Number of protein chains: 2
Amino acid sequence: MALEHAILVSLLEKPGSGYELARRFDRSIGYFWTATHQQIYRVLKRMESDGLLAVRGLPQQDRPDKKEYSVMGPGRAALSQWLHEPIEPESIRHDLAVKIRGAAFDDPSALIREVERHRQVHSDRLAHYLAGELRDFTGPAAPTPLDAGQELQHVVLRGGIAYERMTIAWLDDVLATLRRLGMSHPRA
Amino acid sequence: MALEHAILVSLLEKPGSGYELARRFDRSIGYFWTATHQQIYRVLKRMESDGLLAVRGLPQQDRPDKKEYSVMGPGRAALSQWLHEPIEPESIRHDLAVKIRGAAFDDPSALIREVERHRQVHSDRLAHYLAGELRDFTGPAAPTPLDAGQELQHVVLRGGIAYERMTIAWLDDVLATLRRLGMSHPRA
DNA sequence: TCCTCATATGCAACTCGTTGCATAGCCAAG
DNA sequence: CTTGGCTATGCAACGAGTTGCATATGAGGA
């Protein structure tokens with residue numbers, strides 16, 4: 001149930017509405033966690049009724065009202081408790097790897113375009129992460145020195161960068177393998 | 001719904017029972033997909049009633065009967081169709097990254113043992129993958145030349161190896177960062 | 001003898017996550 | 001003037017995944 005905790009972290013970094021959270025989950029938090037607005041609204045409601053969050057209705061001019069959530073004492077305590085509990089190291093769930101092994105029972109060369117498309121997506125993500133790193137942490141406009149929260153955000157971002165770089169290199173390996181097999185066995 | 005397809009791939013590689021599949025999902029297939037026996041039994045039953053799989057009851061001496069599943073024509077067709085459909089590049093779900101950012105609101109040094117434990121798990125996985133690579137693909141007992149299926153299994157395994165190596169390096173970066181913050185801010 | 005482990009399958013209840021749809025006002029482009 | 005996009009929230013239904021428990025047999029150890 002880490003979505004709850006990811007929301008607590010994000011709201012501690014800055015209070016906001018469900019809609020704003022959903023956008024953060026498409027951006028910085030999205031480097032390591034994804035969530036749709038449906039999930040977020042549902043969990044926010046539960047967390048509020050559990051007393052972890054406070055909600056403040058903000059009537060706005062020219063657009064629908066929004067509800068700004070912020071973390072209460074029990075929310076902070078719940079996060080702290082979770083931080084002290086051990087969690088399971090994650091295991092991967094990689095559809096593309098299933099497809100690659102499945103290619104042994106189909107035409108391997110048919111996968112090449114798909115793998116190229118994935119490579120492009122990861123390459124775009126890498127560029128996006130690197131731009132963010134320059135903007136927030138290593139560029140001339142970045143604060144110096146960084147505070148603890150920023151250092152931790154930076155090390156998480158470095159993880160995202162390392163992940164994308166590793167993935168791109170692996171997809172190149174996959175492409176080379178598929179092309180090699182496609183040449184020697186034009187039709188499997 | 002890639003569990004279904006992972007099962008098809010695994011049963012095409014070799015027919016087997018639900019129990020055997022569950023063990024494969026703890027081993028080679030588990031490099032990139034996990035599933036419990038509950039999930040597997042449930043999906044096998046559905047796939048059989050959908051006509052994707054054939055089942056053969058094997059009475060055994062000295063132990064409970066087992067049901068051996070194998071892929072039928074429609075199952076192979078379903079896999080082939082899926083292989084030709086584009087899939088979304090996955091996004092990460094990394095609890096540990098949530099914890100690391102959360103450490104800004106708690107004592108960062110409390111996370112060090114947790115990160116060290118994760119590093120150990122990934123290091124063990126890497127050793128396990130490398131042993132498997134030597135046994136099945138690069139060692140003296142490995143078949144030469146490898147057929148297409150084995151080449152594809154190998155490139156997937158290389159992906160697992162690259163992932164673990166990257167993760168270990170990142171966790172070292174995380175540990176260095178946490179230790180640095182722990183020194184300059186003994187209590188956050 | 002009893003306990004645990006390994007094989008082998010399964011139900012029931014639950015939470016988590018996704019998808020489609022609905023509402024509602026404003027703005028800008030065509 | 002209608003279509004689509006952005007802000008902002010939400011319901012309903014479904015599918016995916018987890019956890020706890022139940023059943024059955026035989027082997028080996030305490």
Side-chain angles (χ1 to χ4, degrees), chain A residues 1-7 15-27 29-30 32-50 53 55-69 82 87-95 98, chain B residues 1-8 11 15-27 29-30 32-50 53 55-69 78 82 85 87-95 98:
Chain A
M1 209 193 291
L3 174 56
E4 205 167 294
H5 303 110
I7 287 177
S17 68
Y19 190 83
E20 282 165 0
L21 278 172
R23 278 188 309 174
R24 290 185 212 171
F25 275 79
D26 283 337
R27 299 170 50 97
I29 308 281
F32 53 86
W33 203 267
T34 59
T36 63
H37 74 276
Q38 304 300 344
Q39 255 179 292
I40 291 167
Y41 284 126
R42 201 198 304 160
V43 173
L44 280 175
K45 192 165 281 187
R46 190 185 64 215
M47 289 169 79
E48 197 241 317
S49 79
D50 288 350
L53 302 179
V55 63
R56 210 162 48 111
L58 293 184
Q60 297 187 116
Q61 284 167 336
D62 296 355
R63 56 190 54 182
D65 297 357
K66 72 174 172 183
K67 299 181 177 175
E68 197 184 68
Y69 289 91
W82 178 71
I87 52 171
E88 281 299 297
E90 20 261 289
S91 302
I92 328 166
R93 282 270 170 98
H94 213 307
D95 295 67
V98 179
Chain B
M1 209 191 293
L3 173 56
E4 205 167 297
H5 303 109
I7 287 176
L8 286 171
L11 288 179
S17 69
Y19 190 82
E20 283 164 359
L21 278 172
R23 279 188 309 176
R24 290 184 212 172
F25 275 79
D26 283 338
R27 299 169 50 98
I29 308 282
F32 53 86
W33 202 268
T34 59
T36 62
H37 73 277
Q38 305 299 344
Q39 254 179 291
I40 291 167
Y41 283 126
R42 200 196 304 157
V43 173
L44 280 175
K45 192 165 280 187
R46 190 185 65 215
M47 290 169 79
E48 197 242 317
S49 79
D50 288 350
L53 301 179
V55 63
R56 209 161 49 111
L58 294 184
Q60 297 186 116
Q61 284 167 337
D62 296 356
R63 55 190 53 183
D65 297 356
K66 71 175 172 183
K67 298 181 178 176
E68 195 184 69
Y69 289 90
W82 178 71
E85 280 167 15
I87 52 172
E88 282 300 297
E90 19 261 289
S91 302
I92 328 166
R93 282 270 170 99
H94 214 307
D95 295 67
V98 178

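This is a predicted model, so every value here is computed, not measured. Residue numbers begin at 1 in each chain, while the letters A, B, ... track the order of the sequences.
For the pair B:Glu90 CD and D:dA16 P, the interatomic distance rounds to 16 Å; values are reported in whole Å. Nucleotide C:dA8 holds its C1' atom 15 Å from the CG atom of B:Asp26, rounded to whole Å. Rounded to whole Å, atom P of D:dG17 lies 17 Å from atom CD of A:Glu88. One interatomic measurement links the two molecules: CZ of A:Arg46 to C1' of C:dT15, which rounds to 9 Å at whole-angstrom precision. As rounded to whole Å, 15 Å separates atom P of D:dG15 from atom NE2 of B:His5. As a whole-Å value, the separation of A:Met47 CE from C:dT15 C1' is 16 Å. The distance from atom CD of B:Glu48 to atom C1' of C:dT9 is 14 Å, rounded to the nearest whole Å. When rounded to the nearest whole Å, the span between CH2 of A:Trp33 and P of C:dT18 equals 10 Å.
One finds no side-chain N or O of A:Arg93 lying less than 4.0 angstrom from the OP1 or OP2 phosphate oxygen of C:dG17. OP1 and OP2 of C:dA6 both lie 4.0 Å or more from every side-chain N or O belonging to B:Arg23. Applying the 4.0 Å criterion to OP1 and OP2 of D:dA16, one finds that B:Gln39 has every side-chain N and O outside that range.
Qualifying side-chain contact (heavy atoms from CB on, under 4.5 Å) partners for B:Tyr19, counting only residues two or more places apart in sequence or in other chains: B:Ser17, B:Arg23, B:Tyr41. Under the rule for a side-chain contact (heavy atoms from CB on, under 4.5 Å), the partners of A:Asp50 that lie at least two apart in sequence or sit in another chain are A:Arg46, A:Leu52.
Here B:Lys67 does not pair with B:Glu48 in a salt bridge; the nearest charged N to carboxylate O distance is not below 4.0 Å.
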Between the protein and nucleotides 9-12 of chain D, are there any N/O to N/O pairs under 3.5 Å, and if so, what are the atom names and distances?
{"residue": "D:dT9", "atom": "OP1", "partner": "A:Lys67", "partner atom": "N", "Å": "2.8"}
{"residue": "D:dT9", "atom": "OP2", "partner": "A:Tyr19", "partner atom": "N", "Å": "2.8"}
{"residue": "D:dT9", "atom": "OP2", "partner": "A:Tyr41", "partner atom": "OH", "Å": "3.0"}
{"residue": "D:dT9", "atom": "O5'", "partner": "A:Tyr41", "partner atom": "OH", "Å": "3.4"}
{"residue": "D:dG10", "atom": "OP1", "partner": "A:Lys67", "partner atom": "NZ", "Å": "2.5"}
{"residue": "D:dG10", "atom": "O6", "partner": "A:His37", "partner atom": "NE2", "Å": "3.2"}
{"residue": "D:dG10", "atom": "O6", "partner": "A:Gln38", "partner atom": "NE2", "Å": "2.3"}
{"residue": "D:dC11", "atom": "N4", "partner": "A:Gln38", "partner atom": "OE1", "Å": "2.2"}
{"residue": "D:dC11", "atom": "N4", "partner": "A:Gln38", "partner atom": "NE2", "Å": "3.3"}

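When side chains are defined from C-beta on, B:Ile92 does not count as touching A:Thr34, because their heavy atoms never get closer than 4.5 Å. The side-chain heavy atoms of A:Val98 and B:Trp82, taken from C-beta on, include a pair separated by under 4.5 Å.
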Show your working on side-chain contact (heavy atoms from CB on, under 4.5 Å) between A:Asp95 and B:Trp33 and close with a plain yes or no. CA-CA 8 Å; A:Asp95 295 67; B:Trp33 202 268; 3.7 Å; yes
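The main-chain N or O of A:Met47 is never found under 3.5 Å from a side-chain atom of A:Glu4 such that the two would form a donor-acceptor pair.
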